[in-house]
Amino acid sequence: MKKKTVLDIMEMNESGNKITMLTAYDYVMASILDEAGTDMLLVGDTMGMVVFGQKTTLQVTLEDSIRHTQAVARGAKSAMVIGDLPFGTFQISREDAIRNSVKLVQLGNAEAIKLEGGSERISAIEGILDAGIPVMGHLGLTPQSYHKFGGFKVQGRSEETAKTLIEEARALEEAGIFSLVLEAIPWEVAKEITESIAIPTIGIGAGPYCSGQVLVTYDMLGYFDFKAKFVKRYANLKGQILSAVQEYNKEVRNKTFPDLTYSYERPK
Ligand code: KIV
């Protein structure tokens, strides 16, 4: 099976084909998302919330990100794998950003990295690109700025903040990113950004006019209780797991599982 690369993603955008991305954190789920034909798998720092049970993404470390990116990369036969730079791994210096991106590629097998932020990240982005690593940007509700925003708040609602987002998107494109995540911004702003840059935009809570979409897989599969307005649930995994596990507990307790069909015999 052919691996998707940045060239395929850019080609899909040029030919007007929508791009799909989902988050993945482990081998089994990555294999399923890959088999379903997902274009890109993001090993997002949302792992802090959905895998580790943390309140925000801020406690995720580079080691967490590397370990989970390794697992996802093993399951991704065709989908392109994007490693996420956690909080504190690229904000302190350009050198840190380059060194930590190299580790995500070299140890985690990421094929590109994603980092949050606008023009303040240009120097880091240029350094990472110089190291030969494709970069995905991320604007709007950037969860690593949780405390600065005062929570998970929709961004770009005022004239002024919308204008800033459009300018930041252009600056990131100019720096050389290959695609841009737009999170929790009004659809009109996402549409204007998508129309004013040539690279693909990947929306999450940014309306239908982006070049592609991303969701947190646990949210869209109904595996995680929290549901933002923009999440469509395509399955009810929590409900299915609950009833399967309740059934298992019942059968073990009433001694109907295992019967002899699930047991080994001594050779005759
Ligand atoms: O960390 C993540 O999963 C993300 C997506 C929500 C875009 O950044």
Side-chain angles (χ1 to χ4, degrees), residues 9 18-26 29-30 33 38-62 64-69 71-72 76 79-91 100-101 104 108 110 112-118 121 125 134-146 149 151-156 165 169 172 177-185 190 193-194 199-207 210-221 223-224 226-233:
I9 301 303
K18 293 276 187 187
I19 300 158
T20 63
M21 181 160 90
L22 283 168
T23 64
Y25 317 102
D26 68 85
M29 185 65 86
L33 304 178
T38 314
D39 298 313
M40 292 192 279
L41 300 184
L42 170 66
V43 192
D45 61 2
T46 42
M47 76 174 77
M49 300 170 78
V50 297
V51 177
F52 304 135
Q54 293 155 349
K55 190 171 159 241
T56 69
T57 59
L58 297 173
Q59 291 80 22
V60 174
T61 64
L62 184 66
D64 295 331
S65 199
I66 290 173
R67 193 99 174 100
H68 285 269
T69 306
V72 169
M80 183 172 169
V81 176
I82 321 292
D84 208 3
L85 281 184
F87 179 61
T89 65
F90 60 97
Q91 291 93 343
N100 292 328
S101 301
L104 260 184
I113 64 93
K114 177 175 85 57
L115 58 78
E116 297 183 8
R121 301 290 161 234
I125 290 171
V135 179
M136 175 181 275
H138 186 161
L139 288 176
L141 195 185
T142 42
Q144 292 175 14
S145 302
Y146 177 86
F149 293 154
F152 295 120
K153 307 266 189 252
V154 176
Q155 301 295 306
L165 279 176
L172 290 177
I177 62 168
F178 79 98
S179 66
L180 176 62
V181 170
L182 297 175
E183 178 163 354
I185 63 173
I193 292 174
T194 304
I199 55 168
T201 56
I202 312 291
I204 172 163
C210 294
S211 327
Q213 296 292 326
V214 55
L215 283 174
V216 171
T217 300
Y218 287 22
D219 292 342
M220 60 85 83
L221 293 179
Y223 190 37
F224 190 61
F226 175 77
K227 190 192 150 330
K229 173 185 163 66
F230 57 80
V231 173
K232 178 172 176 186
R233 286 214 166 124

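Indexing begins at 1, ligand by ligand and atom by atom, following the structure's order. No experiment lies behind these values; they were computed from the predicted model shown.
Checked against a 3.5 angstrom limit, the closest N/O atoms of Glu183 and ligand 1 fall outside it.
Per-residue contacts place Gly44 under 4.0 angstrom from the following atoms of ligand 1 (heavy atoms of the residue considered): 1 (O), 2 (C), 3 (O). Listed by number with element, the atoms of ligand 1 under 4.0 Å from a non-hydrogen atom of Lys114 are 8 (O). Heavy-atom contacts of Asp84 reach the following atoms of ligand 1: 1 (O) (cutoff under 4.0 Å). Near Thr23, with a cut-off below 4.0 Å to any heavy atom, the atoms of ligand 1 are 3 (O). The His138 neighbourhood of ligand 1 comprises atoms 8 (O), with distances under 4.0 Å to a heavy atom of that residue.
The shortest contact between atom 3 (O) of ligand 1 and any protein heavy atom is with Thr46 OG1, 2.6 Å. Counting protein heavy atoms only, atom 7 (C) of ligand 1 is closest to Leu42 CD2, 3.7 Å. In terms of protein heavy-atom proximity, atom 6 (C) of ligand 1 is closest to Ile204 CD1, 3.7 Å.
Among Leu42, Ile204, Thr201, the single residue meeting the side-chain contact (heavy atoms from CB on, under 4.5 Å) criterion with Val181 is Ile204.
With sequence neighbours excluded, no residue forms a ring pair (Phe, Tyr, Trp, His ring centres under 6.0 Å) with His138. With sequence neighbours excluded, the residues that form a ring pair (Phe, Tyr, Trp, His ring centres under 6.0 Å) with Tyr223 are Tyr218.
Counting non-hydrogen atoms of other residues, nucleotides and ligands closer than 6.0 Å to CZ of Phe226 gives a total of 12 or fewer.
One finds the CD1 atom of Ile202 at 12.0 Å from the CG atom of Leu215 (value rounded to the nearest 0.5 Å). Atom-to-atom distance recorded for Asp45:CG and Leu115:CG is 11.0 Å, nearest 0.5 angstrom.
The shortest heavy-atom distance from Glu116 to ligand 1 is not under 4.0 Å.
Judged by distance alone, the side chain of Asp39 and the main-chain N or O of Thr20 form a donor-acceptor pair under 3.5 Å.
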